[in-house]
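In what follows, a structure is listed as structure tokens, so that the remarks can point back to it.
A note on names: the letters A, B, ... follow the listed sequences, proteins ahead of strands, and every chain is numbered from 1. Computed from a predicted structure; not experimentally measured.
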2 protein chains.
Amino acid sequence: MELHQLRYFCAVAETGSFSRAAEHSHVSQPSLSQQIMKLEDELGARLFDRLGRSVRLTDLGKTFLPRARAVLRELEAARGDVVERKDSISGLITVGVIPTVAPYFLPSRLTSFSRKFPQAEITVVEEITPVLLERLRASTIDVAILALPIRGHEFETTPLLTERLFAALPKNHKLAKRRSLSLKDLRSEPFLLLRDGHCFRDTAVAACDRARLHPQVIFESGQFSSLLSMVGAGMGVSIVPEMAIEKKSHCRYVHISDEQATRTIGMAVLRGRSLTRAHHAFLAHLRAT
Amino acid sequence: MELHQLRYFCAVAETGSFSRAAEHSHVSQPSLSQQIMKLEDELGARLFDRLGRSVRLTDLGKTFLPRARAVLRELEAARGDVVERKDSISGLITVGVIPTVAPYFLPSRLTSFSRKFPQAEITVVEEITPVLLERLRASTIDVAILALPIRGHEFETTPLLTERLFAALPKNHKLAKRRSLSLKDLRSEPFLLLRDGHCFRDTAVAACDRARLHPQVIFESGQFSSLLSMVGAGMGVSIVPEMAIEKKSHCRYVHISDEQATRTIGMAVLRGRSLTRAHHAFLAHLRAT
DNA sequence: TACGATGGATAGGCATAGCCTATGGAGCTC
DNA sequence: GAGCTCCATAGGCTATGCCTATCCATCGTA
């Protein structure tokens, strides 16, 4: 049983004639006859009565007609569904983001994207980098926003922005008035850093390593705002990326002038995954803003 | 878009692998790959992500999967419907019958058939012969029960029974005690006959013609029972087939011994029409009883 | 790091199947 | 009965789906 046989069958049922059905189907009449006969053979029953002049559905043909039409209708629905979806900017986009970026970077971009493409629905997942990478592999998120670089050639990454790092100091700290400082200047300070697992902790520690500084960590937290409150209370100093600076806190922020004291935010997708137009639109939107 | 492509697609979606899907579908892996690619080309979109080791549905593939399954499900429903119906003694049988046969011949046969094949539904249409023939041509009835012979080689006829003709006489008629009579004996009698259009009128008149008798018709009706009541009342004589004899009436029935004074009941179907098993069962039942 | 195993893509050959034209035969019309 | 219509049959062609062999990338393992 093949689709063209069903089409021919419906055409004959509609036109009441093999010849007209053939014309209608853009095939020769013998070809159509042959396919109808083949269909009848396979079903083991006649679908049409050939009555000299005219052709008429048998009782069995009458019951088969709506079923054949149902098959073809489903087929067209399937095709239509695909061609409609593949070109529309719609559907679900699941984006993963690390906690040290999420609150600062995403909100404005999400709202502008949703305004632009109201058909697209976005879900955000906040996780640390290794979790995001695992979820990219499993395709439970479509794109991850995190700090570059990352390990693993199965991902395709695009840098979005590079930001400077700042020292967060208590208001009355001796270095608080400086325009910039070097990490070495913080040698004797107690440090407040993010908890292990957060990649920005590694970024900060790596920067200290390069400055041959081995910070004495007296407090750890999962979010910058906790660190900054403690810094404001005079407990010690911290290192934050530019986007984490809170104007209204009791801290002072001084640019760290060390070479490579930066953080690069980028996005990553699983290499080889095919993305919908909505996905591409979202990636383009991130690149542009 | 072809059915085997949809089957392959579903197989890959279910097994998560081209190779296993190919094995499962009893084709080689390259053949299956080729057909999937062809399907994707036609739809203009990827249905699977080939991620080195594993294969996974794209978002679009996920939406396409239930649609593809729906097509195949409809197809199997269509096939199942046909194979189920073609072999079962069920469905609607519409039988046409002439009025001078209907009440005498059909009832017992219909009940016995229905008892034998309760799945089959029978509708009876009572019409005069030319109407029945026209309805056979139009396939609004499946089989006709009528008096043979009929004109027209587009019908296939089968005789069922031949019955004798009887003269219906008033109880006190001078011929009423005879074992048999000849039509010529009725030369001077007033006749009561069926209305024009009823084929038995033609049968009776033809018999009279052969006996060189030109009956004076004083009453016409559409049914035998009316005629017989009038005969019982002494208005005249009539000719009836054996099956129309009413024991309880005030008539006497005397066998007409003329050559060819008979009526043959038979059935007719449209030549070339394909009949269901239910139809064949009904025809066989009529032949057998 | 190198190797074999696994899994999908590619290449090329083959056979089937669907299509074509030409023709036959039955039924209807004039 | 001649011509027309319409479906079936016959025979040849080509496309397409299938095959085997092979390639290439990835993954697990020594």
In whole angstroms, the gap separating P of dG18(C) from CE of Met1(A) amounts to 14 Å
note: Phe48(B), atom CZ; dG7(C), atom C1'; distance rounded to Å ~ 14 Å
To the nearest angstrom, the CG-P distance between Asp49(B) and dG8(C) comes to 13 Å
Contact check, residues 11-25 of chain A vs DNA chain D, heavy-atom distance under 4.0 Å, returns Ser17(A), Phe18(A), Ser19(A)
When rounded to whole Å, the CZ to C1' distance for the pair Arg137(A) and dC27(D) reads 13 Å
It should be established whether Arg50(B) places a side-chain nitrogen or oxygen under 4.0 Å from OP1 or OP2 of nucleotide dA9(C). yes
For residues 197-208 of chain A, the salt bridge (charged side-chain N to carboxylate O under 4.0 Å, His left out) pairs (sequence neighbours left out) are Asp196(A)-Arg201(A), Arg201(A)-Glu220(A)
Sorted by chain and residue number, the salt bridge (Lys or Arg N to Asp or Glu O under 4.0 Å) partners of Asp41(B) (sequence neighbours excluded) come out as none
Can you name the atoms? Protein N/O to nucleotides 4-6 of chain C N/O, anything below 3.5 Å, with the distance.
from: dT6(C); atom 1: O2; to: Arg53(B); atom 2: NH1; distance (Å): 3.3

To the nearest angstrom, the CZ-P distance between Phe155(B) and dG27(C) comes to 14 Å
Between CZ of Arg46(B) and C1' of dA9(C) the distance, given in whole Å, is 11 Å
Thr129(B) meets the side-chain contact (heavy atoms from CB on, under 4.5 Å) criterion, sequence neighbours left out, with Ile98(B), Leu133(B), Leu146(B), Ile150(B), Cys199(B)
| Is any side-chain N or O of Ser33(A) closer than 4.0 Å to OP1 or OP2 of dA8(D)? | yes
Residue set satisfying salt bridge (Lys or Arg N to Asp or Glu O under 4.0 Å) with Arg7(B), at least two apart, ordered chain then number -> none
Quick note, salt bridge (charged side-chain N to carboxylate O under 4.0 Å, His left out) partners involving residues 137-161 of chain B, not counting sequence neighbours, are Glu134(B)-Arg137(B), Arg137(B)-Glu154(B), Asp142(B)-Arg273(B), Glu156(B)-Arg271(B)
Taken to the nearest whole Å, CG/Asp41(B) to P/dT10(C) is 11 Å
Between the protein and nucleotides 13-19 of chain D, which nitrogen or oxygen pairs are less than 3.5 angstrom apart?
from: dG17(D); atom 1: OP2; to: Lys38(B); atom 2: NZ; distance (Å): 2.2
from: dC18(D); atom 1: OP1; to: Tyr8(B); atom 2: OH; distance (Å): 2.7
from: dC19(D); atom 1: OP2; to: Ser28(B); atom 2: N; distance (Å): 2.5
from: dC19(D); atom 1: OP2; to: Ser28(B); atom 2: OG; distance (Å): 2.8
from: dC19(D); atom 1: OP2; to: Ser31(B); atom 2: OG; distance (Å): 3.0

Exercise for review: Using modelled atom types only, decide if a donor and an acceptor are shared between the side chain of Arg210(B) and the backbone of Gln260(B) within a distance under 3.5 Å.
Suggested key: yes
Distance-only donor-acceptor pairs under 3.5 Å for side chains of residues 57-69 of chain A, two or more places apart:
from: Thr58(A); atom 1: OG1; to: Arg46(A); atom 2: O; distance (Å): 3.1
from: Thr58(A); atom 1: OG1; to: Leu47(A); atom 2: O; distance (Å): 3.2
from: Thr58(A); atom 1: OG1; to: Leu60(A); atom 2: N; distance (Å): 3.4
from: Thr58(A); atom 1: OG1; to: Gly61(A); atom 2: N; distance (Å): 2.9
from: Thr63(A); atom 1: OG1; to: Leu60(A); atom 2: O; distance (Å): 2.9
from: Arg67(A); atom 1: NH1; to: Asp81(B); atom 2: OD2; distance (Å): 3.1
from: Arg69(A); atom 1: NH2; to: Glu14(A); atom 2: OE2; distance (Å): 3.3

Sequence neighbours excluded, the answer for salt bridge (Lys or Arg N to Asp or Glu O under 4.0 Å) partners of Glu23(B) is none
Ring pair (Phe, Tyr, Trp, His ring centres under 6.0 Å) filter on Phe113(A), not counting sequence neighbours, yields Phe117(A), Phe282(A), His285(A)
In whole angstroms, the gap separating P of dA17(C) from CG of Leu39(A) amounts to 16 Å
Taken in chain and number order and not counting sequence neighbours, the residues that satisfy ring pair (Phe, Tyr, Trp, His ring centres under 6.0 Å) with Tyr8(A) are His4(A)
Ion pair Glu42(A)/Arg79(B), N-O distance below 4.0 Å: yes
